[in-house]
Amino acid sequence: MAQSALSLEFPDGTIREFDAGTTGKDVAGSISKSLAKKSVAIALNGELMDLAEPIASSGKIEIITRTDDRAVELIRHDCAHVLAEAVQAIWPDTKVTIGPVIENGFYYDFDRAEPFTPEDLETIEKKMRQIIARNDPFTKQVWSRDDAKAHFEKMGESYKVELIDAIDADQNLNIYHQGEWHDLCLGPHGPSTGNVGSAFKLMSVAGAYWRGDSDNQMLSRIYGTAWADEKQLKNYLFMLEEAQKRDHRKLGREMDLFHFQEEGPGVVFWHAKGWKVFQGLTNYMRRRLDEHGYDEVNAPQILDKALWQTSGHWDWYRENMFTTVTEDDRQFAIKPMNCPGHVQIFKNGLRSYRELPIKMAEFGNVHRYEPSGALHGLMRVRGFTQDDAHVFCTSEQLEAECLRINDLILTTYSDFGFGDIVVKLSTRPEKRVGSEEGWDRAESIMQKVLDKIEADSDGRIRTEMNPGEGAFYGPKFEYVLRDAIGRDWQCGTTQVDFALPERFGAFYIDENSNKVEPVMVHRAICGSMERFIGILIEHFAGHFPLWLAPVQAVVATITTEAEEYGQKVVDTLKAAGMRVESDFRNEKINYKVREHSLAKVPVIIAIGAREAEEGTVSIRRLGSKHQTNMTLEEAVASLTEEAIAPDLKRKRDAS
RNA sequence: GCUGUUGUAGCUCAGGGGUAGAGCACGUCAUUGGUAAUGACGAGGUCGGUGGUUCAAUUCCACUCAACAGCACCA
């Protein structure tokens, strides 16, 4: 151990010397008494450390107070320990496992014969508040691995023993104490249980597998949220309420877009209005595909088992496939993916290198037998439509094609108002087909493309690696977008496939008359049209932009006298290409406005005697309490302009 | 698939061993009313499904299906 003095650099640039063995608390105290009181931890070279820990090396130091963004991590971690103590105080035979910090809070997994009930949460919270009020300091002891193991064995904490077993033999372990209670823990922690404060709440109980493995025992997990102050907690709870309000399943019902029912778990009944949105989205995508040189095809839903054996799906994906046996004992599978079908189209006839790249697109209706617990509204279904395409190209063309696809994906997302994108590269999984050389080649090209995507984005696109998460036939890019309330959704994907063309014996004739295997790139932009619409519903909270809205305007009469003119308004708007409905019912205008506002119709056009006489319309926009009056001609002009899809607008403005 | 919870009218929900109730929505009539609910009357379910216990079950029990939350899986 170095006995020399510590040299610590403060955020303002000043450097000061301290004796060896100085703790964070000492450093804070050397600045001011009040800082020593307010501090909860320090960060040494950016890494959080306990206040009471002797500072081991020189470096950049920051004193972390409760208001620091990083302090909330400690609060959550402290809170998880307080939760664990509370649970063991109430139910002493409960075993503890782990309790990490997560986004917005923390959880702790327990092994207990009886599951926790929502009422239990209240009891636990009460106990937690007592522990916090006790304000015991968190003190760290370093134990040898053997001592720790023996200790937890004696206590019967078998999960802790298992955790210790997984730690390197020569490593010492931290034991954090709070009063009588203690836990094996990496740390760091705040100064005392009082540091948790009062801005926390236990949220829910759920089952979770020990160590995240479905072969392991199911534990009882308690989720909690914790914040630096009450205001932050309140904001967070408010956000959750907001998210609930825009739940696409709720809006789908209220807006009459789609429904599900018991007989069809995971398959969508699209209602007329929902289908309009679906078609609006499909039409948009068709135009974009056309722009980018794709040809749309359509391959069969049901194909012989033999084909799926060749593709490898029968071996790797069978548990997810719907299969059927006919009277004559032939076994078929409903397609879970479109690629084998597209390879058949590629193979039909002899292909020349002159034709490449061939870009084959399909709005492919696929079915996958997803685990029942995975189903979630439109976000996870068993029958869905992929905006799928396969690019058959030479390996020389691969990089350029990936970049071209990237361009199409990013412009599509921005047309829907998604700007915050992460591109992840997933590499070879354990369960895979194809040679190691093939994987090496594919991954190195993908890595190069990924770097280029990031470099060309002016820092707008973030990139990440996802080791072992690739498809069984090749590495892939995953495009993750962030919606209006900050949730992430994986939508687009670009997957390089060196395996499938080989399996099906697909080839083209190169310039030397040789047979050459093409590279196949699978790609999707929306991923699933169903899911993408679900995301759009939540992103827009049901307030679709005019070009996507299933009903763009409702013409509502105030009195029956205005009906004739109202019909003229409807006809005029329809003739101009608008999706308009009329509401000439014998109801008050207030009633009509309320009803169509709840149905999230973007434009309500009220027609009374005055408008009929003047040839005007009174327009009320969704979300606004005001009306604007204008002539019918003006209304048609401004609404049709607004209703132009972004890609068409772009094309028009470019010419 | 796993753990837990739920399943009563189109929707939101109350009730409870002796064959069900509210509000909204729906229908009829009256009302012609300027921007988020006009009034009156009426119709509507057999309490997710199957089996069991019981004189009797929608209510208790078992199984099953579906949904919800989380986990695992994933577009």
Side-chain angles (χ1 to χ4, degrees), chain A residues 107 109 112 114-118 203-223 247 249-250 253-254 256 259-266 317 319-320 336-337 364 366 368-388 469 471 476 478-480 489-493 495 522-532 534-535 556-563 584-599 604-611 618-629:
Chain A
Y107 65 78
D109 287 345
R112 177 171 172 243
E114 288 280 297
F116 298 103
T117 66
M203 304 296 286
S204 58
V205 193
Y209 298 109
W210 166 235
R211 309 196 122 188
D213 187 332
S214 59
D215 291 335
N216 285 342
Q217 182 175 358
M218 180 68 77
L219 304 169
S220 285
R221 175 172 298 179
I222 295 178
Y223 281 95
D247 189 314
R249 294 165 299 185
K250 180 171 168 280
R253 188 174 56 240
E254 288 170 3
D256 194 19
H259 86 268
F260 291 91
Q261 65 188 48
E262 279 199 23
E263 292 84 350
Y317 205 70
E319 63 210 17
N320 285 299
M337 295 180 190
V366 296
R368 299 180 184 176
Y369 190 73
E370 300 291 350
S372 56
L375 303 181
H376 181 91
L378 294 177
M379 303 307 195
R380 194 74 184 276
V381 287
R382 285 183 175 157
F384 58 102
T385 312
Q386 292 182 306
D387 62 326
D388 205 358
E469 296 292 314
K476 63 182 179 185
E478 288 175 358
Y479 287 78
V480 179
W489 301 98
Q490 201 236 297
C491 293
T493 174
Q495 314 183 354
H522 312 247
R523 62 83 302 197
I525 299 170
C526 301
S528 130
M529 304 297 269
E530 285 78 1
R531 189 159 92 124
F532 199 71
I535 294 165
T557 46
I558 297 169
T559 67
T560 37
E561 288 161 39
E563 253 181 55
F584 297 167
R585 289 175 304 171
N586 178 13
E587 295 291 349
K588 289 187 168 180
I589 190 65
N590 299 27
Y591 181 88
K592 295 183 182 182
V593 164
R594 175 182 155 82
E595 195 170 283
H596 301 303
S597 297
L598 287 173
I604 298 172
I605 301 177
I607 303 291
R610 202 157 61 223
E611 286 77 13
S618 164
I619 291 189
R620 179 187 168 121
R621 298 300 303 248
L622 180 60
S624 161
K625 283 191 163 47
H626 307 288
Q627 304 109 48
T628 29
N629 271 279

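Per chain, numbering begins at 1; letters A, B, ... match sequence-line order.
Side chains of A/Tyr223 and A/Ser204 form a contact here, defined as non-hydrogen atoms less than 4.5 Å apart. Residues A/Glu469 and A/Lys476 are not in side-chain contact: their nearest non-hydrogen atoms beyond the backbone lie 4.5 Å or more apart. The closest side-chain heavy-atom distance from A/Glu563 to A/Thr560 is below 4.5 Å. A 4.5 Å side-chain heavy-atom check between A/Pro371 and A/Glu319 finds every atom pair outside the cut-off. Counting heavy atoms from C-beta outward, A/Phe384 and A/Arg368 have side chains that approach closer than 4.5 Å. Residues A/His596 and A/Arg620 form no side-chain contact, since every pair of their non-hydrogen atoms from C-beta on lies 4.5 Å or further apart. Looking only at side-chain heavy atoms (C-beta outward), A/Phe260 and A/Leu378 come within less than 4.5 Å of each other.
If you check every strand for non-hydrogen atoms under 4.0 Å, A/Ser528 touches a base. Among the atoms of the strands shown, none is found under 4.0 Å from any heavy atom of A/Gly492. At the heavy-atom level, A/Gln386 lies nowhere under 4.0 Å from the strands shown. Across all strands, A/Ala524 comes closer than 4.0 Å to no nucleic acid atom at all (heavy-atom distances). Counting any heavy atom pair closer than 4.0 Å across all strands shown, A/Pro265 reaches sugar-phosphate atoms only and no base atom. Counting any heavy atom pair closer than 4.0 Å across all strands shown, A/Ala556 reaches no nucleic acid atom. Note on A/Leu219: nothing from the nucleic acid sits closer than 4.0 angstrom, heavy atoms only. Among the atoms of the strands shown, none is found under 4.0 Å from any heavy atom of A/Val366. No contact: A/Ser204 has no heavy atom under 4.0 Å from any strand.
Contact annotation: A/Lys476 side-chain N/O to B/rA75 OP1/OP2 distance is under 4.0 Å. In this model, the phosphate group of B/rG1 is approached by a side-chain N or O of A/Ser372 to a distance below 4.0 Å at OP1 or OP2. Applying the 4.0 Å criterion to OP1 and OP2 of B/rG4, one finds that A/Arg221 has every side-chain N and O outside that range. In terms of phosphate contacts, A/His376 brings a side-chain nitrogen or oxygen within less than 4.0 Å of OP1 or OP2 of B/rA69. In this model, the phosphate group of B/rA69 is not approached by any side-chain N or O of A/Tyr223 to a distance below 4.0 Å at OP1 or OP2. For B/rA36, the OP1/OP2 oxygens have a side-chain nitrogen or oxygen of A/Arg620 closer than 4.0 Å. Contact annotation: A/Arg249 reaches the phosphate of B/rA69 (side-chain N/O to OP1 or OP2, under 4.0 Å).
Considering only the side chain of A/Met218, B/rC2 comes nearest among B/rU32, B/rC2, B/rC65. The side chain of A/Glu370 lies closest to B/rC74, out of B/rC74, B/rA36, B/rG1. With distances taken from any side-chain atom of A/Ser618 to the nucleotides B/rG34, B/rC65, B/rU32, the minimum falls on B/rG34. Residue A/Tyr209 has its side chain nearest to B/rC71 when only B/rC71, B/rA67, B/rG34 are considered. Which of B/rG7, B/rU38, B/rG1 sits closest to the side chain of A/Lys588 comes down to B/rU38. Side-chain atoms of A/Tyr591 lie closest to B/rU38 of the nucleotides B/rA75, B/rA36, B/rU38. With B/rC71, B/rG1, B/rC11 as the candidates, the nucleotide lying closest to the side chain of A/Arg253 is B/rC11.
No more than 12 heavy atoms of other residues, nucleotides or ligands shown are found within 6.0 angstrom of OH on A/Tyr369. The environment of A/Glu561 atom CD is sparse: at most 12 non-hydrogen atoms of other residues, nucleotides or ligands sit within 6.0 angstrom.
Between the P atoms of B/rA14 and B/rC55, the separation comes to 33 Å (whole Å). Separating the P atom of B/rA30 from that of B/rA22 is a span of 26 Å, rounded to the nearest Å. Of the C1' atoms belonging to B/rU8 and B/rU19, the separation is 14 Å, rounded to the nearest Å. Only the P atoms considered, B/rA20 is 13 Å distant from B/rG44, to the nearest whole Å. Comparing the C1' positions of B/rU54 and B/rG17 gives an interatomic distance of 9 Å, to the nearest angstrom. Atom P of B/rA75 sits at a distance of 29 Å from the matching atom of B/rG4, rounded to the whole Å. Distance noted for atom P between B/rU59 and B/rU46: 15 Å (whole Å). Comparing B/rC26 with B/rC68, their P atoms are spaced 27 Å from each other, to the whole Å.
Taking 3.5 Å as the limit, the base of B/rG34 and the side chain of A/Glu611 contain a donor-acceptor pair of atoms between them. With hydrogens and angles left out, the side chain of A/Glu595 and the base of B/rA25 share no donor-acceptor pair within 3.5 Å.
To the nearest angstrom, P of B/rG4 lies 19 Å from OH of A/Tyr107. Counting to the nearest Å, the C1' atom of B/rG7 and the CD atom of A/Glu263 are 14 Å from each other. To the nearest angstrom, C1' of B/rA25 lies 17 Å from NE2 of A/His259. Separating the CD1 atom of A/Ile558 from the P atom of B/rG34 is a distance of 8 Å, rounded to the nearest angstrom. Going from atom CZ of A/Phe116 over to atom P of B/rA69 covers 22 Å, rounded to whole Å. To the nearest angstrom, C1' of B/rU12 lies 11 Å from CD of A/Glu254. Straight-line distance from the CD atom of A/Gln261 to the C1' atom of B/rG49: 15 Å, rounded to whole Å. Here the P atom of nucleotide B/rC71 and the CZ atom of A/Arg380 are 13 Å apart, to the nearest Å.
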| request: Fill in the dot-bracket string of RNA chain B, one character per base: . for unpaired, | for a pair to another strand, ( ) or [ ] for pairs within the strand, taking Watson-Crick or G-U pairs under 3.5 Å. | output: (((((((..((((....[..)))).(((((.......))))).....(((((..]....))))))))))))....
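Along RNA chain B, the nucleotide nearest to A/Glu530 and the one nearest to A/Leu375 differ in position, and the one closer to the 5' end is contacted by A/Leu375. Both A/Val381 and A/Ser214 lie near RNA chain B, and the one whose nearest nucleotide falls closer to the 5' end is A/Ser214.
Between the side chain of A/Lys592 and the backbone N or O of A/Arg585 there is at least one donor-acceptor pair closer than 3.5 Å.
Salt-bridge annotation for A/Asp213 and A/Arg211: absent, with no side-chain N of the basic residue lying under 4.0 Å from a carboxylate O of the acidic one.
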